[in-house]
Amino acid sequence: MGRKIPSFESAGGEVDGDILDPNSAQHCRFSRWLSLRMNGEALDKEMVITIDKNHTHMHNVARELMQSIVHQHVTDSLLMKYQKAQQEFIHNLDQYKEHLFSWRNLHDALTGLPLRHLLYREFPLVRAQCQRMNHHLYLLIIDIDHFKSINDTWGHNAGDDVLRNVALALKEATRKAERIYRFGGEEFIILLDAKNDRDAQTAAQRIQQYLQQHSFLVGDDKITVTATGGLAKVLETDTLHQTIGRADKAMYYGKNTGRNRCIMAMTDSEMLTIS
């Protein structure tokens with residue numbers, strides 16, 4: 001877009017029909033990317049909406065400038081208006097690029113999963129999404145059973161292989177609205193969007209059992225990895241820290257009562273065994 005107007009003005013060429021079209025922003029190649037990002041419930045959607053708004057504005061000003069060139073009524077103020085629109089659009093793209101770099105740096109190099117810092121950043125956004133849909137948000141913390149024995153038996157490289165495979169299994173077991181994070185060590189956290197407790201329990205059980213049903217190669221040995229889960233509903237007055245605390249209590253209750261199961265914390269002291 002930025003090159004077409006100067007080239008037309010200097011060369012006296014034919015008018016580009018796309019620029020004069022009232023829907024020129026939709027014909028731009030960049031609009032394809034915008035359309036993909038605007039669909040769904042991406043957490044950076046507000047940033048993309050701003051980019052889309054300034055992208056359309058830039059095209060509208062470009063059309064106004066092109067028409068003034070055709071009629072030989074170009075003014076300095078109109079040129080400045082176009083330059084400002086273009087600069088705002090480029091500034092939006094630079095901000096989004098910084099956002100993507102920051103987002104990438106908050107992912108675990110071993111498993112590819114978001115880290116706990118991104119969980120704290122995204123938690124209020126996911127919570128707001130659930131509220132808009134009249135759903136509830138639940139937090140599931142999963143801890144691999146007997147992980148220390150894996151490291152002691154096969155070595156730390158094998159432990160890394162298991163973590164990568166568990167992360168892959170969790171990705172396969174979860175659905176689009178279920179967000180996974182590596183919380184630390186052998187612990188993972190999954191945010192569940194559910195209509196009620198029963199749906200959340202079913203989702204937690206599905207994830208925990210999927211892992212149990214899949215074996216992994218460690219060296220020449222095929223092993224089955226199990227995990228214990230703790231589930232907690234995010235209450236209206238909860239902070240993320242408080243919800244993690246309840247889910248953690250449920251998970252340790254599961255560890256102390258046999259492992260390879262999922263427990264829901266109904267309150268700080270009342271625990272329900274799901275599986």
Side-chain angles (χ1 to χ4, degrees), residues 1-11 13-70 73-133 171 176-182 191 193:
M1 171 64 70
R3 296 190 188 94
K4 287 185 177 180
I5 290 172
S7 64
F8 171 82
E9 185 177 21
S10 60
E14 295 183 1
V15 178
D16 190 312
D18 284 346
I19 296 178
L20 294 178
D21 190 321
N23 297 314
S24 61
Q26 298 175 17
H27 301 313
C28 178
R29 292 180 183 176
F30 187 74
S31 68
R32 299 173 190 171
W33 177 85
L34 283 169
S35 296
L36 291 173
R37 296 301 300 164
M38 294 281 281
N39 291 329
E41 290 292 333
L43 294 181
D44 59 12
K45 193 169 183 178
E46 290 300 320
M47 294 185 72
V48 177
I49 289 172
T50 301
I51 293 173
D52 180 58
K53 179 181 176 181
N54 285 327
H55 176 247
T56 301
H57 176 63
M58 181 184 70
H59 273 271
N60 290 339
V61 177
R63 183 172 64 255
E64 185 181 355
L65 179 57
M66 181 61 79
Q67 289 170 341
S68 71
I69 293 172
V70 170
H73 293 303
V74 181
T75 63
D76 289 341
S77 62
L78 188 53
L79 283 170
M80 289 179 63
K81 183 179 178 181
Y82 173 71
Q83 289 171 354
K84 182 180 178 181
Q86 191 178 54
Q87 287 168 0
E88 287 177 352
F89 173 63
I90 293 171
H91 177 64
N92 287 155
L93 293 182
D94 287 340
Q95 286 182 317
Y96 191 71
K97 188 189 299 182
E98 290 176 8
H99 160 73
L100 291 179
F101 279 129
S102 173
W103 187 79
R104 184 185 64 183
N105 291 334
L106 292 173
H107 282 66
D108 179 33
L110 179 66
T111 64
L113 293 176
L115 293 165
R116 68 163 67 198
H117 300 293
L118 197 53
L119 167 64
Y120 277 86
R121 182 184 295 186
E122 293 184 342
F123 176 75
L125 302 175
V126 177
R127 189 179 200 170
Q129 273 187 2
C130 288
Q131 290 171 344
R132 286 195 297 270
M133 298 172 64
K171 289 177 184 178
K176 187 176 180 180
E178 298 166 351
R179 305 182 69 82
I180 318 167
Y181 303 84
R182 186 179 178 193
L191 296 180
D193 173 346

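The residues of the chain are indexed from 1 along the displayed sequence. It should be emphasised that the depicted structure is a prediction, and the values quoted were computed from it without experimental measurement.
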Please report the interatomic distance [atom1]([X]) to [atom2]([Y]), rounded to the nearest 0.5 Å.
| X | Y | atom1 | atom2 | answer |
| --- | --- | --- | --- | --- |
| E64 | L78 | CD | CG | 5.0 Å |
| L113 | L119 | CG | CG | 12.0 Å |
| K81 | D76 | NZ | CG | 14.5 Å |
| L118 | R179 | CG | CZ | 7.5 Å |
| R63 | H59 | CZ | NE2 | 10.0 Å |
| L93 | N54 | CG | CG | 9.5 Å |

My understanding is that only residues two or more places apart in sequence, or in another chain, count here; which of them pass ring-ring contact (aromatic ring centres under 6.0 Å, His included) with H57? none
Partners of [X] by side chain to side chain contact (heavy atoms under 4.5 Å, CB included), sequence neighbours excluded?
| X | value |
| --- | --- |
| K53 | none |
| K84 | E88 |
| R127 | F123, Q131, L137, V234, D238 |
| I90 | Q86, D94 |

Please report the shortest heavy-atom distance between [X] and [Y], naming the atom on each side.
| X | Y | result |
| --- | --- | --- |
| Y181 | L115 | CD2-O, 3.9 Å |
| H55 | F89 | CB-CE1, 3.6 Å |
| A85 | V61 | CB-CG2, 4.3 Å |

How about M133 and D193: do any of their side-chain heavy atoms sit closer than 4.5 Å?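 Counting from C-beta outward, M133 and D193 do come under 4.5 Å.
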Flag the pair L106 / R121 as yes when at least one side-chain heavy-atom distance between them is below 4.5 Å, and no otherwise. yes
Counterpart residues, side-chain hydrogen bond (donor to acceptor under 3.5 Å, both in side chains), relative to D108 (two or more places apart):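 Only T111, R182 meet the side-chain hydrogen bond (donor to acceptor under 3.5 Å, both in side chains) criterion with D108.
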